[in-house]
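A short worksheet on the structure shown next.
Both ligands and their constituent atoms are indexed starting at 1 by order of listing. Note that the structure is predicted; figures quoted are calculated from it, not measured.
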Amino acid sequence: MDKIRIAIAGIGNCASSLIQGIEYYKSKDENDAIGLMHWDIGGYKPFDIEVVAAFDIDKRKVGKDVSEAIYELPNCTAVFCPDVPKADVKVRMGCVLDGFSEHMNTYDEKRTFLLSDEPEATKEEIIKELRDSGAEILLNYLPVGSEEATRFYMDCALEAGVACINNMPVFIASDPTWAKRFEEKGIPIIGDDIKAQLGATITHRTLADLFNKRGVRLDRTYQLNTGGNTDFLNMLNRSRLASKKESKTEAVQSVVAQRMDDDDIHVGPSDYVPWQNDNKVCFLRMEGRLFGDVPMNLELRLSVEDSPNSAGVVIDAIRCCKLALNRGTGGILYSPSSYFMKHPPKQFTDDEAHKMTLEFICGERPN
Ligand SMILES: O=P(O)(O)OC[C@H]1O[C@@H](O)[C@H](O)[C@@H](O)[C@@H]1O
């Protein structure tokens, strides 16, 4: 099978888990592979993916082979595959823009970004790198709040004719103006904001759907999340959070039978706990009324390693995106976006999105 050639912007924990996973599953087969939604997607296995270009801005990563850069600080995710072989792909200095948050400088350097002294890449250089490397799909893993930097990389991808998977909450696939640009160029895009394999959002949505199906009115809810990775540190800067909060809140609002007042739903990153590292803990409360208007409530605590939880979904998103490329399908991939992302252009319940994605994979649905 030909390899799916990906470029990655942001070699943080999520990229690390993905790259480790591509290697990890090489030693598995369909019968002993744990942790995947699909072993085979249109003939592509989890290891039929190769990184051909990588961008970052941290001096501990820029200039290193991507297989080494993934283990460098401030990355702190679980190492489940310690020997990723050399990829012969050097991490290149990217373009900083708003991809770096100054407030992080007050923290211990093992937790924060250390800006590389290498000159920043220009737009032309990134477009050239995307073209010369033969990249087919660009993955956006920039920090939350990188509005300008995300738009910059999306522009580069459009210019280079490379498909995109937007894993973070800057609205691209779900923004009609940007979506139109991908449609017009016939370039596929999956977005926005990855919905983890068994994370806070899918759990919250599934329970909200259960309330609906069992006729229980959801009156009030919160989802509080704590973690100790660079993502949570970055999100202490509340000014970077607007789109993230919208994405996570809307993911829940879109499945409840009756939209809740803004005051009755609180969803968001809640605190940075350094010793948690990449462990994310979600505290969920749902208050409702059942038969006879009688009140009930539910509390749940979910503990997950954040980045493998994201990679378990991206490994499928990449293969779906490649199927679109093989079929000559451009523009928004609605089905994979609604199943894999928190803020897709169109929301469906996860049951519907799952079905639609299976239909997309077997070619019964165009996008
Ligand atoms: O658990 P949820 O709500 O699906 O969110 C998970 C993902 O949300 C993204 O915004 C984070 O950057 C990822 O690191 C994370 O895996």
Region of Asp193 engaging ligand 1 - heavy atom pairs below 4.0 Å: side chain
Carboxylate-amine/guanidinium proximity below 4.0 Å for Lys355 and Glu352: no
Modelled atom types, side-chain donor and acceptor of Ser338 and Gln347, under 3.5 Å: no
Pairing of Asp193 and Lys244 as salt bridge, 4.0 angstrom limit: no
Protein heavy atom at shortest distance from atom 10 (O) of ligand 1: Lys244 NZ, 2.7 Å
Shortest protein heavy-atom distance from atom 12 (O) of ligand 1, along with the residue and atom involved: Asp231 OD2, 3.2 Å
Protein heavy-atom partner closest to atom 1 (O) of ligand 1 - residue, atom, separation in Å: Ala200 N, 2.9 Å
Option nearest atom 7 (C) of ligand 1 (shortest heavy-atom distance, choices Lys195, Lys342, Gln223): Lys342
Non-hydrogen atom of Met168 closer than 4.0 Å to ligand 1: no
Arg327 to Phe360 six-membered ring, cation-pi geometry met (6.0 Å, 45°): yes
Closest candidate by heavy atom, reference atom 4 (O) of ligand 1, pool Ala311, Gly199, Ala196, Cys282: Ala196
Protein contact of atom 2 (P) of ligand 1 - nearest heavy atom, named by residue and atom, plus distance: Thr201 OG1, 3.6 Å
Asn309 near ligand 1 by a heavy-atom separation under 4.0 Å: no
Per-atom contacts, ligand 1 versus Asp306 - under 4.0 Å to a heavy atom: 13 (C), 14 (O), 15 (C), 16 (O)
N or O contact, Pro169 vs ligand 1, cut-off under 3.5 Å: no
Asp2 bridged to Lys322 by N-O distance under 4.0 Å: yes
For Cys14, the ligand 1 atoms whose distance to one of its heavy atoms is below 4.0 Å: 14 (O)
Chi angles and distances behind the side-chain hydrogen bond (donor to acceptor under 3.5 Å, both in side chains) call for Thr77, Asn13: CA-CA 6 Å; Thr77 191; Asn13 284 315; 4.7 Å; no
Geometric N/O contact Ser310 with ligand 1, under 3.5 angstrom: no
